[in-house]
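Since this is a predicted model, take the numbers as computed values, not measurements. Numbered from 1 within each chain, the chains take letters A, B, ... in sequence-line order.
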Amino acid sequence: MHKVNNNISQPDLTVNVAGIKLKNPVMTASGTFGYGEEYEPYLDLNRLGGIIVKGISMEPREGNSPPRIVETAAGMLNSIGLQNVGVEVFVDQKLPFLRKYDTAVIVNFFGDSIEEYCEVANILGAVDGIAGLEMNISCPNKQEGWLEFGTRPDLTFKVTNAVRKKTDLPLIVKLSPNVTDISTIAKAAEDGGADGLSLINTITGMAVNIENRRPMLANIIGGLSGPAIKPVALRMVWQVAGKVSLPLIGVGGIMTAEDAIEFIIAGASAIQIGTANFLDPSVSIKVLSGVEDYLIKNRVKRIDSLIGSLET
Amino acid sequence: MHKVNNNISQPDLTVNVAGIKLKNPVMTASGTFGYGEEYEPYLDLNRLGGIIVKGISMEPREGNSPPRIVETAAGMLNSIGLQNVGVEVFVDQKLPFLRKYDTAVIVNFFGDSIEEYCEVANILGAVDGIAGLEMNISCPNKQEGWLEFGTRPDLTFKVTNAVRKKTDLPLIVKLSPNVTDISTIAKAAEDGGADGLSLINTITGMAVNIENRRPMLANIIGGLSGPAIKPVALRMVWQVAGKVSLPLIGVGGIMTAEDAIEFIIAGASAIQIGTANFLDPSVSIKVLSGVEDYLIKNRVKRIDSLIGSLET
Amino acid sequence: MLVEILYNEEILLHYYKMGLLWSLPSTIEAGQFLMFRVSDGIDPFLRRPFGIYRTISIERGSKKLGGVEILYKVVGKGTGLMAGLRQGHKVDVLGPLGVGFSGFDGDGKLIMVAGGVGIVPFYLLAEGLANKDSRVQLLFGGRCKDDLPGLLDFENLGTEIKISTDNGELGVRGAVTELLKKEVSDDSTVYACGPKGMLKEVARIARERGVPCFVSLDKIMACGMGACLGCAVKVNGRKSRYTAQNLSPYKMVCKDGPVFDAEEIVWKEL
Amino acid sequence: MLVEILYNEEILLHYYKMGLLWSLPSTIEAGQFLMFRVSDGIDPFLRRPFGIYRTISIERGSKKLGGVEILYKVVGKGTGLMAGLRQGHKVDVLGPLGVGFSGFDGDGKLIMVAGGVGIVPFYLLAEGLANKDSRVQLLFGGRCKDDLPGLLDFENLGTEIKISTDNGELGVRGAVTELLKKEVSDDSTVYACGPKGMLKEVARIARERGVPCFVSLDKIMACGMGACLGCAVKVNGRKSRYTAQNLSPYKMVCKDGPVFDAEEIVWKEL
Ligand SMILES: Cc1cc2nc3c(=O)[nH]c(=O)nc-3n(C[C@H](O)[C@H](O)[C@H](O)COP(=O)(O)OP(=O)(O)OC[C@H]3O[C@@H](n4cnc5c(N)ncnc54)[C@H](O)[C@@H]3O)c2cc1C
Ligand SMILES: Cc1cc2nc3c(=O)[nH]c(=O)nc-3n(C[C@H](O)[C@H](O)[C@H](O)COP(=O)(O)OP(=O)(O)OC[C@H]3O[C@@H](n4cnc5c(N)ncnc54)[C@H](O)[C@@H]3O)c2cc1C
Ligand SMILES: Cc1cc2nc3c(=O)[nH]c(=O)nc-3n(C[C@H](O)[C@H](O)[C@H](O)COP(=O)(O)O)c2cc1C
Ligand SMILES: Cc1cc2nc3c(=O)[nH]c(=O)nc-3n(C[C@H](O)[C@H](O)[C@H](O)COP(=O)(O)O)c2cc1C
Ligand code: FES
Ligand code: FES
């Protein structure tokens, strides 16, 4: 596996996450990279470890009324409202483009009931060219008074367990950070049969327009992303790494290779780049080569040995 | 009450928070303004609506091992570990300085058991020159496996209720943002007898030194503050404003008058400036005059009428 | 893409022109824009969108190089920082992005309605039509005479211009939409760019007169390439149930626009 | 406090001197510092501490104005931005802060041990003692000859200087602490500023020789005025129970320091 070129040994960047073999740990995060095609002019998608597509539901979704985004200090709030083309259009029109690349395609999906989650997972399980599923549980549950699945261990367990039975694809559960105790939720997902965990989704936040005294977002509340939330994401990865034995995927505020390495050291087997794509569409490739440089400089032969190497 | 000078009417900035009458809604946050004296060379303390002193416990506390702080994107992490001089030294050596000013002195305090909270509150209640107490419940509870009081409604209720019985001073409970459902905690504090709520304390976060693969903070985890957390603080103020009838004090990432006004519109009766003091020791005075300018420009005669005026 | 700043000059109070050493394809459409990273760091955080005002060419040594000029107004933190950038500095830009103006087929009269910095998309257009025998008219409104950036450029092109200012300093006193009411005829095509209120009124007038109208919209953007779904604008005639053609009630200003057929926009929700 | 930049020049690779139009009290102590706001915005977020290298005076028209010079090394984002600041620009500084060097009473020999940019606190000191008849010696260590910023200034003062470089390019090859071992005598007082490893070794040598030693410490700071308790350093001889004298096992580098008696520091926890 280790290629040796003239004394300089290229580090081995491959990681195995939730049964998905990635050629490197750098992926793009759901909702920030469209269906891949939008970014195709800006980078070689083949170089990415994986692409996680915009969250897909059974039926197409309109999303929220605009305004949907607002800038904040070192970040942004979004209330896109999970607008998406629906699973049918995704499979017919979006997936064929992605299949052309030798990059793991992970499909982020959600529903507003356990049944919908199961249905989507079931459909996607029968389709070619999907390496794995990422289940977004930061989604209101219509059967439980629109409480988010991911804010309660019991609901997290239930939805994970139900979906687990519907698909053989690797199942990654994406956790919500808006909780008191992330480890308990992580444990519930593990018990429910998840193969891996992504953390974190956006942190709920708000902004006010002081000129008209109205919320900046039509939806009032939105999700905070970007460097602002990196310390929180990192803390959650580290907390969960100590409590579950599943592979973790770190996401939240990663802008540079240094950020990515922090997550890996804290316990992430792979990372996702979200909001940073908006600032620099080819940032993921830069992060990847920065990680490679770090490994070379520090004589780390296999990135595996960096994962969770934090000395406390 | 309304002074009128040559047609231009000065807006009325006074607010009544938790039974404490403040001459204006701008205060300085606990732990970021020392005991007032440190900032005395940089601003006229008399102009502040209130000063909230560094958290005080029964016994003096050493605090955590250094390093205790690290810079993050639009913020910082701290793990001071509640170092303080203890209630006795505070009353003897720190309070006399503050008594000289015509500014409400609010004493932030904590304990690691309900008994300690009660003891401190009891002592402070008998002392002159204290306008109110701010109870920090983001503190581990030794009787409950070091779980933070403020992360559980039952513990929040218990400690508030117990302290309530020990003091006649206005009692403000300062909430932890590291919870799934801030409203439930707020309600518990209200039911326990709080006169007002401050929100938010820092959000738990972490940073890693990738050179030595160790945490940046000796304590591993610290509290995130600064503009990075403003959207979260604002969201929590708004959520709680809809659920309790107590006056709220907004804190988290306020750097400018505009930030302060966002909090007031979202439902805060007063605000606190924390980390921003480190960037500019006289920022609180600038925020105050900016708020005043806004009121004049928008012909708001009394700041009261701005509180919670968000149109949704 | 890192490009060099050739110049960055205040042309009127608060208005600047910046030249960038950046060769764009000649197929660029009037109304397309670029995303400008105003800071090397993260404050302010997002890129800022700016229309492409015109292309320029410069000589460096014996080489002829292509460039782009933007025209911007300082309104906040990002544009404030831009105003301080100096010649020789490299800035990070993405583009050209979006879909520009294209509804006018040369028949009849093209009326370009611009409010303040809304002038930007019209220079390329006026330039392209300057030597054709199309009838082109610019209606240019501002608060005062210093609120009409680039006016001279259009005069140099020989564009027919009618001006309005709120204070009557130059042209007629009042809103530019009043000019439109007078100038619009049955064979007109209306293009507009400017504040939301102006666009609404332009669209109303065009609808009333039954003439085609295209508007360039301004929405806060994050990605600029249709990926984040942040810059959504509600459009008419689309079912809330998507079809296999992937129709949605929302279009993205950055990718489907910024120029839209005025008829398509749900104006009351803009 | 907003002050004007008088000059900002690279004096050696990565080393800069910046002059600020800022009159400080003449009571300023060598080792005191200022907190510099490197950006008008929030990136980077915290102020950065820099020692005061010397005071300067400039003439503007007929007026004589006071100024301050800092000497800094570009090591990261903040100092990188500082290097780009130009003359005339206004920057926000706080100070003078902290407690400087004061343990030397004029008797015996003062040995100043500086590593690289650790030279900063010593200029004011050397200047103040230059025309007295105290025995003063500077031991100055760097990685190479370009790692000895300000060397010429001390030569101009006539300070007695001994140099060491890691690569032997200038002075003796090796660590500056090796010089100290040779130069220290029973009547010495040692002042030191430089990397942590160097300070530890200096303190060890001084303790071994039984001579007074004072060190200037570097800790990440937020407030710079003793309010945040962020820059704590563990000190000896203090009980973990505070007394009425308000003793704590920690002192604050910004307020109680940055200069400390070496005996006071718990070196193994630094
Ligand atoms: C397609 C398009 C083309 C544009 N072309 C021009 C042009 O040619 N010349 C010109 O002067 N202006 C143009 N604008 C407007 C310009 O983008 C804003 O004025 C600029 O982003 C303001 O940035 P700021 O930081 O100075 O202001 P801020 O203080 O951040 O905000 C001021 C206003 O600018 C708007 N704004 C802020 N950030 C963004 C963003 N990321 N995307 C969109 N709007 C934002 C907000 O609505 C806000 O009310 C265009 C906008 C769009 C959408
Ligand atoms: C009392 C004191 C006096 C100093 N005097 C000088 C001087 O005269 N000349 C000089 O070149 N340097 C001096 N320093 C060091 C200088 O403050 C740092 O080099 C500078 O803050 C680095 O900022 P940066 O953004 O370039 O680096 P970063 O990339 O942010 O960090 C590089 C290193 O600088 C340190 N650092 C970062 N932020 C701070 C902060 N807020 N406070 C303290 N350290 C920080 C960190 O330890 C980090 O390892 C002094 C430090 C102290 C504490
Ligand atoms: C505009 C936008 C849309 C997003 N859409 C989704 C989504 O559909 N599903 C999901 O699981 N996460 C979604 N996210 C969350 C991101 O995938 C990521 O978890 C979060 O933004 C934190 O990472 P970042 O700070 O790198 O952006 C979205 C984020 C943004 C900014
Ligand atoms: C260095 C530091 C020390 C703090 N100490 C305390 C404390 O003792 N008690 C407390 O209730 N909050 C403490 N806080 C939290 C602040 O009072 C405030 O709630 C938080 O920092 C968010 O506000 P900001 O973003 O404006 O700083 C501290 C914050 C900082 C940065
Ligand atoms: S700005 Fe991202 S879709 Fe338009
Ligand atoms: S930096 Fe705040 S106490 Fe020293």
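- No part of A:F263 comes within reach of chain B, as not one of its non-hydrogen atoms sits under 4.5 angstrom from that chain.
- Of the two parts of B:L77, only the side chain, counted from C-beta on, holds a non-hydrogen atom closer than 4.5 Å to a non-hydrogen atom of chain A.
- Both the backbone and the side chain of A:T151 come within contact range of chain B, each with at least one heavy atom under 4.5 Å from a heavy atom of that chain.
- Looking at B:I221, the atoms closer than 4.5 Å to chain A (heavy atoms on both sides) all sit in the side chain, from C-beta outward.
- Note: B:T204 leads B:I265, B:T204, B:N178 in heavy-atom pairs under 4.5 Å with chain A.
- Considering only heavy-atom pairs separated by less than 4.5 Å from chain B, the leading option among A:D259, A:V232, A:N298, A:D181 is A:V232.
- For A:I261, the parts lying near chain B are the backbone and the side chain together; criterion is any non-hydrogen pair under 4.5 Å.
- Within 6.0 Å of NZ on B:K158 lie no more than 12 heavy atoms contributed by other residues, nucleotides or ligands.
- With rounding to the nearest 0.5 angstrom, the CD atom of A:E258 is 11.5 Å from the CG atom of B:N209.
- A 4.5 Å side-chain heavy-atom check between A:N212 and B:E311 finds every atom pair outside the cut-off.
- The greatest number of non-hydrogen atom pairs below 4.5 Å with chain A, out of B:I182, B:I210, B:V237, is found for B:I210.
- Although no hydrogens or angles enter the test, the distance criterion places a donor-acceptor pair under 3.5 Å between the side chain of A:E262 and the main chain of B:V208.
- Nearest heavy-atom pair across B:A228 and A:L224 is O-CD2, 3.6 Å.
- In this structure, CD1 in B:I264 is found 11.0 Å from CZ in A:R213, a value given to the nearest 0.5 Å.
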Exercise. Carefully, step by step, assess B:R152 and A:T180 under the rule side-chain contact (heavy atoms from CB on, under 4.5 Å).
Key: CA-CA 9 Å; B:R152 255 174 47 190; A:T180 309; over 6 Å; no
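- Residue contact with chain A, scored on non-hydrogen atoms closer than 4.5 Å, involves the side chain of B:I203 exclusively.
- A:P215 and B:T312 make their closest contact through CG-CG2, 4.0 Å (heavy atoms, listed as atom of the first residue, atom of the second, distance).
- Heavy atoms closer than 4.5 Å to chain A are found in the side chain of B:Q239, but not in its backbone.
- Here the shortest heavy-atom pairing between A:K297 and B:E211 reads NZ-OE1, 4.0 Å.
- Looking at heavy atoms from C-beta onward, A:I220 lies out of side-chain contact with B:R235 at the 4.5 angstrom threshold.
- Here the side chains of A:P231 and B:M206 are not in contact, with every heavy-atom distance at 4.5 Å or above.
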